[in-house]
Protein chains: 2
Amino acid sequence: MSTPASNDRVINFGAGPSALPLPVLEQSQEGLLNFEHTGIGIAEISHRSPEFTAFLAQVEANIRAQLAVPPTHAILFTQGGGSAQFAAVVLNMLARYKLLHPERAGADTPLDYVVTGSWSKKAAEEARRLTLGGHARVHVAADARAHSADGKTFDTIPPRSAYTFSADPALVYYCENETVDGVEFSHEEGAPTAFPFDLLNPSGEPKLLPLVADYSSSFMCRPIPRLAEHAVIYAGAQKNIGPAGVTVLIVRQDCLVDVDAAARLGALPVPTMFSWKTLADSKSLYNTPSVLSIYVTGLVLERMKALGGPQYYEELNRKKALKVYAAVNDGQEKGVFKKKVKDGSESWMNVVFEVLGEGAEKRFLDGAKERGMAGLKGHRSVGGIRISLYNAITEEQADKIVEYMNWFVAEELKNKQ
Amino acid sequence: MSTPASNDRVINFGAGPSALPLPVLEQSQEGLLNFEHTGIGIAEISHRSPEFTAFLAQVEANIRAQLAVPPTHAILFTQGGGSAQFAAVVLNMLARYKLLHPERAGADTPLDYVVTGSWSKKAAEEARRLTLGGHARVHVAADARAHSADGKTFDTIPPRSAYTFSADPALVYYCENETVDGVEFSHEEGAPTAFPFDLLNPSGEPKLLPLVADYSSSFMCRPIPRLAEHAVIYAGAQKNIGPAGVTVLIVRQDCLVDVDAAARLGALPVPTMFSWKTLADSKSLYNTPSVLSIYVTGLVLERMKALGGPQYYEELNRKKALKVYAAVNDGQEKGVFKKKVKDGSESWMNVVFEVLGEGAEKRFLDGAKERGMAGLKGHRSVGGIRISLYNAITEEQADKIVEYMNWFVAEELKNKQ
C-alpha cells in the first residue's frame with residue numbers, strides 16, 4: 001500500500017523525533033482504524049484488553065530476544081522520556097541504597113556522574129536539585145570538558161586516567177551517546193574511549209554494580225556491550241525505535257525496590273509513577289500507557305527482527321557512519337567543513353560538524369532542502385550541522401547526503417577560486 | 001476517505017482509552033505519512049519545528065476558547081496521565097505553600113481531599129505516601145463511603161453537611177467524575193450534589209483558593225463550572241479528547257512556583273518533569289512531548305470547535321445520558337438491572353449498573369458483542385456493567401445500546417415466565 005502522501009516525503013535527518021520506516025507508518029495507518037481485527041482502533045482500545053496486553057508482551061519479548069536481555073533484568077515501558085528518568089534514576093537508586101545502608105548519611109551517599117555532553121550534564125544537575133536537602137552528594141567522576149581544547153566544549157570521551165569513581169556509590173551514571181554533542185563511547189573492547197567497566201570494579205569479582213546508562217539516542221542501533229553488568233539502561237523510543245511518548249527501561253531485579261520502605265527509613269519519597277517496582281509489578285500497566293506510541297514502536301521492532309536485529313543494524317549503521325564521516329573528513333581537509341568531535345569519540349548516530357565561511361552553513365542547509373533533505377540543523381545550544389543516522393535512515397539515503405556533501409565541498413572550492 | 005477497515009468497526013463504549021471520531025482517525029492516517037505538507041510524518045517531525053509548535057499553540061488556543069479559560073490560567077501539556085498528577089499536585093502545591101508560609105511545620109500543612117470514588121481515594125493515598133516523612137498532613141474533608149448504604153461503597157456525592165474543610169489548606173482536591181464508580185458532581189448551581197464552592201470560601205471574598213480538580217473523564221464533555229476559581233484542573237486526554245499519552249493542565253499563575261526555592265526552604269524536592277513552572281516556561285516543550293498523541297488530540301479539538309464546542313456536547317451528552325439512564329431505570333423497575341449510583345450523583349460519562357440473576361451479566365455482554373458493541377464490562381474492582389458515553393459516542397450509538405437494553409430486559413422477563 002502506498003498512499004499519494006508517501007511520494008512527497010523528504011529525507012528526515014532530524015535528531016528526534018526522527019524518521020520511521022515507511023512500511024511501519026503504512027501499517028500504523030491501518031491500525032488506527034482497526035487494531036488486529038478487533039474493530040477498534042489502536043488509539044481507542046483498552047490497555048487492559050487481551051489484544052493489547054498480548055501486543056505489549058510481544059514488544060517486550062522482541063527487545064529481550066534482540067538485545068539478549070538476561071532474566072536478571074526486567075523490561076519496562078513508561079512515559080516522560082529521558083528527562084523523567086533523570087529523576088527516577090536518582091530516586092529509585094537512593095531508595096535501594098537506603099535499604100542496603102540504612103545508617104549511612106547523605107554526605108556518605110555519592111552519586112557518581114560521568115559527564116560527556118549536554119544530556120549527562122543535565123542528568124547530574126537533576127541529581128543535584130533533588131538532593132539539595134542533603135540526601136546525597138553528587139560526585140562528577142569525569143568531566144569531558146576538562147579534556148577539550150578550550151576546557152568548555154564536549155568534544156571527546158575522557159581519557160581513562162580521568163575517572164575517579166567513588167568507593168561505594170548509590171549510582172554510576174553515563175550517557176552512551178550524546179545527541180547534542182555527537183560524542184559516543186566506543187564499543188570496541190579495550191579502546192581508550194570505551195566505557196571503563198574495569199575501573200568501576202577493579203577486583204573483577206562478580207558484584208551488583210549500580211551502573212546506570214542513558215541509551216536514548218543509540219538504543220538498538222547495535223548490541224549493547226556488557227548489558228548484564230548494568231543496573232539500569234533506559235531509552236526514549238523517539239530515535240531508533242518509535243515515536244515520542246514511550247521510554248524503555250531495562251532494570252536489574254535488585255533495583256526494583258520497595259520505595260515506601262526506604263522512605264520510612266528517611267529516603268526521599270518517590271512518586272508512584274517513578275517507582276520501577278510499581279511498574280514491574282503491574283507489567284508496565286500501572287496506569288494507561290501511551291498505547292498508540294507503543295503500537296508504532298512494536299511495529300518497528302517486528303521489522304527490525306525480520307531484517308536481522310541489532311546485528312543487522314550494526315553493520316548498516318557502521319557503513320552509513322563511515323561514509324558520512326569520510327565526507328566530513330574530506331571536507332575538512334579541503335577547508336570547507338570542520339569536524340567537531342575528536343577521533344575515537346565520534347557518534348555513529350549524530351554526526352556534527354561546522355560549515356566554514358560566511359553564509360556557508362545557510363547555503364548548505366538551503367541546498368539540502370532543495371534536494372529534499374531536512375532536519376540538518378545542529379542543536380540550538382551548539383549550532384552547526386548535525387546529521388542523524390538512526391536506524392530508519394537507509395544506506396541509499398546516507399549516500400544521498402554524502403553525494404550532496406561532496407558536491408557542496410567542490411562547489412565551495414570552485415566559488416573560492 | 002473511507003478505508004475498508006472502517007466498515008468493520010465496532011461501537012466502543014470503553015472507559016478509556018475510548019472511542020475517537022472516525023473522521024479524526026482518517027485525518028490522522030494522512031498525518032502519519034505527511035504532516036501539513038512538510039513531507040515528514042507527525043510521529044517523525046521535530047517537536048521544535050515551526051509547524052509543530054504552531055500546531056501546539058493552536059491546540060492550546062482551542063482549549064482556551066472553548067472552555068473560556070481566563071488569562072489568569074496557563075494551559076499546559078504533559079505526560080504520565082492522572083497518576084503522575086496525583087504526585088505533581090502534592091509537590092507543586094506544597095512548594096507554593098512553603099513559599100507562602102516558610103515557617104509552618106508539616107503538621108500544620110493540611111492537604112484536604114474530598115473522596116468520592118476510586119480515583120480520588122488513590123490521589124489521597126499518593127499524598128499520604130509522599131508526605132509520610134512529615135511534610136504535610138492529609139485530611140479527608142469528606143468521604144462518600146460514609147454516606148452509602150453499606151458504609152463502604154462509592155455510590156453518592158456526600159451531603160453538604162459532610163464537608164469539613166481545613167482553615168488554610170495547601171490544597172483542596174476533588175475528582176469531578178469518578179470513572180470507576182460512575183459518580184459525578186452535579187453541574188446544577190445549588191444542587192445538593194454540586195461541589196460546595198461556597199463552603200470552601202464562606203466569606204465569599206475574592207481569594208486564591210488552592211482548589212485542585214481531576215477532570216480526567218469529563219474534560220470538555222460540557223463547560224466547567226467556576227473554572228476560574230480553580231488553582232488547577234487536569235485531565236488525561238484519553239476519554240473525550242484524544243489518545244492516551246497527553247495530560248492537559250489548566251494552572252493558575254500563582255501555582256507556577258519556583259520549586260527549587262521552596263526546596264531550599266525545606267519543601268519536598270520536585271522532579272523537573274513534575275514542575276508546572278518549568279512546563280509553563282518552556283511552553284510545554286521542556287522535553288519531547290508525545291507528539292503523535294497531541295496531534296490526534298488537536299484534530300479532535302478542531303472537530304469539537306466546528307460542531308459547537310462544549311455547549312454542543314453538553315446538549316448531546318445530556319440527551320445520551322438521559323436515554324441510557326431511562327433504560328437502566330426501566331430495567332430496574334422490572335427487576336433486571338440495578339442502578340449502582342444514587343439519584344443526583346449519576347455520571348453522564350460512565351453509567352454503571354448490575355444485571356441481576358444467574359449468568360445474566362454474561363448474557364448481556366455476549367448479546368452486545370454479537371451486535372457489534374464492546375467495552376461494556378465494569379472496572380475489575382467493582383464488576384457489573386459500565387457504559388461510557390464520551391464525546392465520540394454519537395446519539396445513534398447511544399440509541400443502539402438503549403434499544404439493546406430494552407430488548408434484553410424484555411427477553412429476560414420472557415425467560416423468567
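Just so you know, these numbers use all the heavy atoms, side chains as well, and skip hydrogens, waters and symmetry mates. Lettering follows sequence order; numbering is per chain, from 1.
For B:I11, no part lies near chain A; criterion is any non-hydrogen pair under 4.5 Å. The parts of A:A244 that come within reach of chain B are both its backbone and its side chain, each placing non-hydrogen atoms under 4.5 angstrom from that chain. At a 4.5 Å heavy-atom cutoff, the contact between A:L132 and chain B is made by side-chain atoms alone. Residue contact with chain B, scored on non-hydrogen atoms closer than 4.5 Å, is absent for A:V246. Neither the backbone nor the side chain of B:V90 comes within contact range of chain A; no heavy atoms are under 4.5 Å apart. For A:F52, no part lies under 4.5 angstrom from a heavy atom of chain B. Looking at A:T38, only its backbone comes within 4.5 Å of chain B, counting heavy atoms on both sides. Interface residue A:R380: only side-chain heavy atoms are found under 4.5 Å from chain B. In this structure, the portion of A:L268 lying under 4.5 Å from any heavy atom of chain B is its side chain and not its backbone. Only the side chain of B:F274 comes within contact range of chain A, with at least one heavy atom under 4.5 Å from a heavy atom of that chain. Only the side chain of A:V296 comes within less than 4.5 Å of a heavy atom of chain B; its backbone N, CA, C and O stay farther away.
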- request: In sequence, state the C-alpha distance, the side-chain angles, and the governing distance for B:D258 and B:K277, and then conclude on salt bridge (charged side-chain N to carboxylate O under 4.0 Å, His left out).
  value: CA-CA 7 Å; B:D258 182 341; B:K277 183 174 192 306; over 6 Å; no
- prompt: Please walk me through it: do B:L285 and B:L279 pass side-chain contact (heavy atoms from CB on, under 4.5 Å)?
  reply: CA-CA 7 Å; B:L285 293 175; B:L279 211 54; over 6 Å; no
query: Which is it for B:Y390 and B:F13 under the ring pair (Phe, Tyr, Trp, His ring centres under 6.0 Å) test, yes or no, and what are the steps along the way?
result: CA-CA 8 Å; B:Y390 298 127; B:F13 291 105; over 10 Å; no
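Across B:A43, B:G16, B:A87, B:G266, the residue that shares the most heavy-atom pairs under 4.5 angstrom with chain A is B:A43. Interface remark: of the candidates A:R264, A:M273, A:R129, A:R129 forms the most heavy-atom pairs closer than 4.5 Å to chain B. Here B:R48 is the residue among B:R48, B:H135, B:Q238, B:K377 with the most heavy-atom pairs under 4.5 Å with chain A. For the options B:T78, B:L292, B:V291, heavy-atom pairs under 4.5 Å to chain A are most numerous at B:L292. With respect to chain A, the highest number of heavy-atom pairs below 4.5 Å among B:G133, B:S293, B:A19 belongs to B:A19. Note on B:A374, B:P289, B:S83: by heavy-atom pairs under 4.5 Å with chain A, the leading option is B:S83. Put simply, of B:A84, B:G14, B:S18, B:S28, the one with the most heavy-atom pairs under 4.5 Å next to chain A is B:S18. Of the listed residues (A:P17, A:S290, A:P269), the one with the most heavy-atom contacts under 4.5 Å to chain B is A:P17.
Note on A:E125 versus A:K121: salt bridge recorded, some NZ/NE/NH1/NH2 to OD/OE distance being below 4.0 Å.
A cation-pi arrangement is present between A:K122 and B:Y286 under the rule of less than 6.0 angstrom and at most 45 degrees off the ring axis.
With values rounded to the nearest 0.5 angstrom, A:N92 atom CG is found 8.0 Å from A:Q85 atom CD. Here A:L301 contributes atom CG and A:I294 contributes atom CD1; the two are 11.0 Å apart, rounded to the nearest 0.5 Å. A distance of 12.0 Å separates CD1 in A:I241 from NZ in A:K239, rounded to the nearest 0.5 Å. The distance from the CG atom of B:N240 to the CG atom of B:N391 is 4.0 Å, given to the nearest 0.5 Å.
Side-chain contact, A:S275 with A:T278: a donor N or O sits under 3.5 Å from an acceptor N or O. No hydrogens or angles considered: nothing links the side chains of A:E178 and A:S118 as a donor-acceptor pair under 3.5 Å. Side-chain polar atoms of B:T272 and A:E126 form a donor-acceptor pair below 3.5 angstrom.
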